[in-house]
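Let me begin by presenting the structure, written as structure tokens, before commenting on it.
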Amino acid sequence: MRTNQPRTIYLSEYQVPAFLVDHVDLRFELFEDGARVHSTLSIRRNPEFPDQGEALVLDGDSLVLESVQMNGEAVPENDYQLKGEQLVVPGVPDRFELTVVTWIEPQNNTRLEGLYKSSGMFCTQCEAEGFRCITFFPDRPDVMARFRTRIEADRAAYPVLLSNGNDVDRGELADGRHFVTWEDPFPKPCYLFALVAGDLVEKRDTFHTCSGRDIDLRIYVESRNAQKCDHAMDSLKRSMRWDEEVYGREYDLDIFMIVAVDDFNMGAMENKGLNIFNSSCVLASPDTATDAAFQRIEAIVAHEYFHNWSGNRVTCRDWFQLSLKEGFTVFRDAEFSADMGSPTVKRIEDATLMRTAQFAEDAGPMAHPVRPASYMEISNFYTLTIYEKGAEVVRMIHTLLGPELFRKGSDLYFERHDGQAVTTDDFVRAMEDASGRDLSQFRRWYEQAGTPVLDVSDEYDADKGVYRLKVQQRIPDTPGQTDKQPQHIPFALGLLGADGADLSLALADSDTEAPVSRVLELTDTEHTFEFHGLAERPVPSLLRGFSAPVRVHYPWTRDQLMFLASHDSDGFNRWDAGQRLAVDVIQALEGQADDGEVDARLIDAYRQLLNDATLDQALVAKMLNLPSLAYLIELAEEADVQALHRAREKVLTTLAETLREDLLACYHRNDDSGDYQLTPEAIARRSLRNTALAWLLHIDDAEACDLARVQFDRASNMTDQMGALRALVNSGFAAERGEVLDGFYQRWQDDPQVVEQWFSVQAASTEAGHLGKIRALLTHPAFEWTNPNKVRSVIGAFAGQNLSEFHQDDASGYRFLAEQVRRLDDLNPQIAARLVAPLTRWRKFAPVYREGMKTALEMIRDKDGLSRDVYEVVHKSLAGS
Ligand code: BES
Ligand code: ZN
């Protein structure tokens with residue numbers, strides 16, 4: 001463990017690799033007390049590397065080195081060095097074979113990087129730098145090699161042995177052991193290597209590709225989960241078809257495998273031909289998984305599948321380019337989800353995540369560009385900025401080019417760079433070359449951190465019938481970056497007339513066939529646009545569809561917002577207007593004492609939403625959600641969490657009390673007793689019904705309590721059962737709360753994915769969620785410190801979602817989190833570092849909170865042997881204080 005400061009890695013210091021690896025031959029001997037890894041690398045000097053006398057340097061981490069051979073001859077110990085984490089062999093020839101044997105202990109690996117054990121099976125996670133925990137290797141994505149992997153293990157305990165590519169050989173060994181050999185014909189970086197050995201059942205299907213090949217599809221799970229694979233399999237087939245139809249991408253191997261494992265740091269991993277999934281992101285049945293889980297599984301299966309082209313066939317040159325594969329692939333999976341369900345709802349969900357969490361990241365001490373310039377620990381850079389903002393950047397290219405030219409650009413990108421490790425710049429260049437558009441200014445989106453702010457003002461000249469819109473952009477300073485240059489922003493807008501219809505957007509008098517929605521391009525600090533031929537002052541609908549990841553400031557009145565919320569032809573902006581209205585009402589109440597009144601217009605708007613069955617119910621279900629406390633904090637200059645929480649509660653309580661009858665009617669109208677369906681309509685019905693229930697229980701309505709009990713007992717799907725449970729847990733009905741929580745656990749205790757939900761509904765609840773109860777959850781028999789899902793469902797849910805309980809003025813929530821982070825850091829540094837996130841933005845909060853958060857960060861900082869992961873987050877957060 002560490003005593004000195006971790007090193008910072010800079011993009012500007014990138015050098016091509018000194019050695020290339022053409023072929024990797026691996027042999028794994030798996031045992032209960034460890035594993036022996038034999039690795040033979042065919043290595044040659046890279047002719048492009050400046051110094052042709054350079055020593056061979058291989059990365060390694062937590063390895064016991066047993067032997068080194070060159071071209072079959074033992075290398076004497078004096079002829080190589082183990083320096084820190086590296087194996088250095090000086091004076092090597094231009095081309096040679098190196099065989100290294102290492103010993104590792106997967107059964108003791110709690111970091112879950114490299115080879116480890118999860119509920120009795122062996123599995124791997126190599127992205128970003130986990131392969132070095134398996135054997136010595138140039139562990140960087142621009143070294144691409146062909147892999148052949150032989151796995152040997154006890155046949156009874158590990159009947160299934162999997163790796164990337166095709167199985168080319170198998171057989172029996174002495175002592176009840178057996179082996180399987182896999183060969184992957186595609187050169188790949190080592191982060192895409194995977195191995196699985198376990199006692200698993202196999203669910204099979206076939207996919208017929210566009211060129212007429214049959215692909216063998218297999219999902220491997222523990223036998224108790226055999227009935228929970230259908231949804232993932234269907235999602236996989238839909239993804240494969242969609243990628244053929246929308247991107248012209250066909251699958252390349254003859255077999256595609258997915259494995260579910262219970263202990264996993266992330267959601268899932270796109271290893272070539274052998275995706276490994278967190279069980280919670282693949283297993284589902286209607287009785288155990290909520291609608292949200294079903295949708296998440298569909299999106300993740302698609303995401304990892306799409307990586308086969310955007311990530312695997314074309315990969316990243318270095319980890320600074322991470323968004324090349326992640327941003328692009330998130331954009332691809334978002335478009336897929338939009339096509340499979342409701343595009344407007346998907347856009348609302350993504351914009352909410354951006355505005356609530358990514359904007360916060362971009363305004364805090366960990367802010368970084370989509371293509372970072374430096375890092376200490378790459379695992380800390382799997383961020384909302386790389387993923388979500390990166391996807392928004394790709395979306396803006398799509399918006400600027402239009403769908404046809406964008407597709408031309410992606411075709412060119414895949415054709416030009418197939419089999420290569422490339423940069424975000426290569427991606428943008430392909431888009432430029434295919435479209436003829438100049439994206440040089442656009443590239444600033446990759447280089448500059450921070451969320452651009454658009455200040456919009458307008459004036460109407462009634463005599464001339466001209467409406468002028470002035471748009472100014474500014475980009476706030478972020479750590480290490482000041483005085484930023486204006487960015488190229490696609491700004492979609494419309495103008496509404498008094499009847500609520502869209503007006504023509506004529507930019508000149510001569511413009512007679514003008515469209516009613518336009519994408520304006522902002523490139524300067526200030527623009528003024530003139531719209532002609534307008535007989536009345538319009539109401540502007542700005543940034544339609546969230547056409548760029550920016551903040552828009554415009555002085556809408558509440559009446560204008562009401563108007564937009566019921567008339568805007570852009571579904572996204574209808575929702576947005578409702579949110580802005582609610583934010584305005586809550587913010588106004590925040591300053592007032594208890595006697596503040598909730599604006600009757602907001603109540604009317606909600607009454608209309610609840611009662612108008614002609615509206616798109618999926619959109620209504622979204623519009624009913626009040627802005628979250630997290631979003632209100634993000635919008636505040638200096639957040640007084642408890643004051644914001646009280647104001648929000650006041651609005652919620654007033655709405656629920658005033659609209660009680662409407663909510664009950666909505667509840668009954670959306671009673672859905674038919675077969676479980678996953679259509680946007682069916683999902684909206686369940687969502688509306690459960691929102692109505694939650695609001696009624698928020699005011700402790702006795703009739704609603706009875707309804708919830710009945711719903712809980714009779715629910716035929718987890719969405720409804722969880723809806724009733726959540727509503728009761730967040731109510732004041734203490735006896736019922738205890739009963740349903742116990743009943744739920746009794747029924748589902750053998751299903752880890754459901755128990756995770758049971759943990760998180762408690763950790764995130766305002767009633768049950770206070771600290772004593774949270775601590776009790778940590779000692780519950782089902783809680784496991786070594787299982788990331790359990791840690792996230794208690795500690796993560798409390799600190800990340802239960803903000804009104806976490807932010808106490810006695811700092812108890814912060815101290816609690818610091819204690820758990822210190823404890824976890826020794827077991828799993830990646831998970832520990834992620835848990836620190838809620839503390840990092842301490843400067844954003846009112847003084848009562850700020851000091852406590854800072855003290856908690858210092859408590860973590862002062863732990864002995866802090867991991868590099870936590871070190872980076874804590875030190876950057878405290879920097880300058
Ligand atoms: N490549 C990542 C998984 C990963 C990230 C592994 C970091 C190791 C370190 C994978 O493609 C991914 O992005 N997964 C996401 C889900 C996705 C739908 C955004 C995840 O795991 O959360
Ligand atoms: Zn990904």
Side-chain angles (χ1 to χ4, degrees), residues 110 112 117-121 221-229 231-232 260-268 277-294 296-297 300 690 711-713 715-730 736-765 767-769 772-802 820 823-824 827-828 831 834-835:
T110 57
L112 314 185
K117 289 195 86 172
S118 174
S119 32
M121 73 173 110
V221 296
E222 292 168 62
S223 61
R224 63 187 164 89
N225 293 321
Q227 304 314 315
K228 291 177 155 194
C229 301
H231 178 63
V261 304
D262 284 347
D263 305 285
F264 202 73
N265 284 344
M266 301 288 292
F277 274 64
N278 187 321
S279 297
S280 71
C281 296
V282 61
L283 303 174
S285 60
D287 56 332
T288 62
T290 59
D291 293 348
F294 270 89
R296 187 169 150 75
I297 289 165
I300 301 193
N690 286 311
Q711 179 175 323
F712 179 82
D713 290 336
S716 62
N717 62 75
M718 184 50 78
T719 306
D720 286 338
Q721 185 161 59
M722 188 48 80
L725 178 69
R726 178 172 292 117
L728 285 164
V729 167
N730 284 294
E736 285 81 358
R737 192 165 72 215
E739 265 173 53
V740 287
L741 277 172
D742 288 347
F744 191 90
Y745 185 73
Q746 289 307 321
R747 171 153 183 213
W748 296 112
Q749 56 184 314
D750 295 325
D751 187 316
Q753 284 79 53
V754 185
V755 173
E756 278 159 32
Q757 299 180 63
W758 180 78
F759 274 129
S760 62
V761 79
Q762 296 175 77
S765 101
E767 282 300 327
K773 299 233 168 119
I774 303 291
R775 283 191 190 276
L777 293 177
L778 294 181
T779 57
H780 190 277
F783 186 82
E784 298 166 88
W785 283 98
T786 52
N787 179 266
N789 291 2
K790 297 279 163 44
V791 169
R792 278 187 281 255
S793 66
V794 177
I795 306 168
F798 171 67
Q801 289 165 45
N802 200 347
Q820 313 318 321
R823 171 167 189 170
L824 260 166
L827 292 171
N828 188 329
I831 299 296
R834 281 178 184 268
L835 284 181

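Throughout, numbering of the chain's residues begins at 1 and tracks the sequence.
No side-chain donor-acceptor contact under 3.5 Å links Asn787 and Glu756.
Here the side chain of Asn802 pairs a donor or acceptor atom with the backbone of Ser765 at under 3.5 angstrom. Under a 3.5 Å cut-off, the side chain of Asn717 and the backbone N or O of Asp287 do not form any donor-acceptor pair. A side-chain donor-acceptor contact under 3.5 Å links Thr719 to the backbone of Asp291. At distances below 3.5 Å, not a single donor-acceptor pair connects side-chain atoms of Glu784 with backbone N or O atoms of Lys790. Side-chain atoms of His231 come within 3.5 Å of backbone atoms of Phe294 as a donor-acceptor pair (strictly under, hydrogens ignored).
Scanning both residues, Thr288 and Ala284, for their nearest heavy atoms gives OG1-C, 4.4 Å.
Checked against side-chain hydrogen bond (donor to acceptor under 3.5 Å, both in side chains), Asn225 has no partners two or more places apart in sequence or in another chain. In this view, Ser119 and Glu222 satisfy the side-chain hydrogen bond (donor to acceptor under 3.5 Å, both in side chains) rule, not counting sequence neighbours. Not counting sequence neighbours, Phe712 has no partner by the ring pair (Phe, Tyr, Trp, His ring centres under 6.0 Å) test.
One finds a salt bridge joining Asp751 and Lys228 here, because a Lys/Arg side-chain nitrogen approaches an Asp/Glu carboxylate oxygen to under 4.0 Å. At a threshold of 4.0 Å, the pair Arg224-Asp262 counts as salt-bridged, since one of the basic side-chain nitrogens sits closer than that to a carboxylate oxygen.
Note on ring orientation: taking the six-membered ring where Trp is involved, the planes of Trp785 and Phe783 are perpendicular (angle over 60°, cut-offs 30° and 60°).
Note: Tyr745 OH to Gln762 CD = 10.5 Å, rounded to the nearest 0.5 Å.
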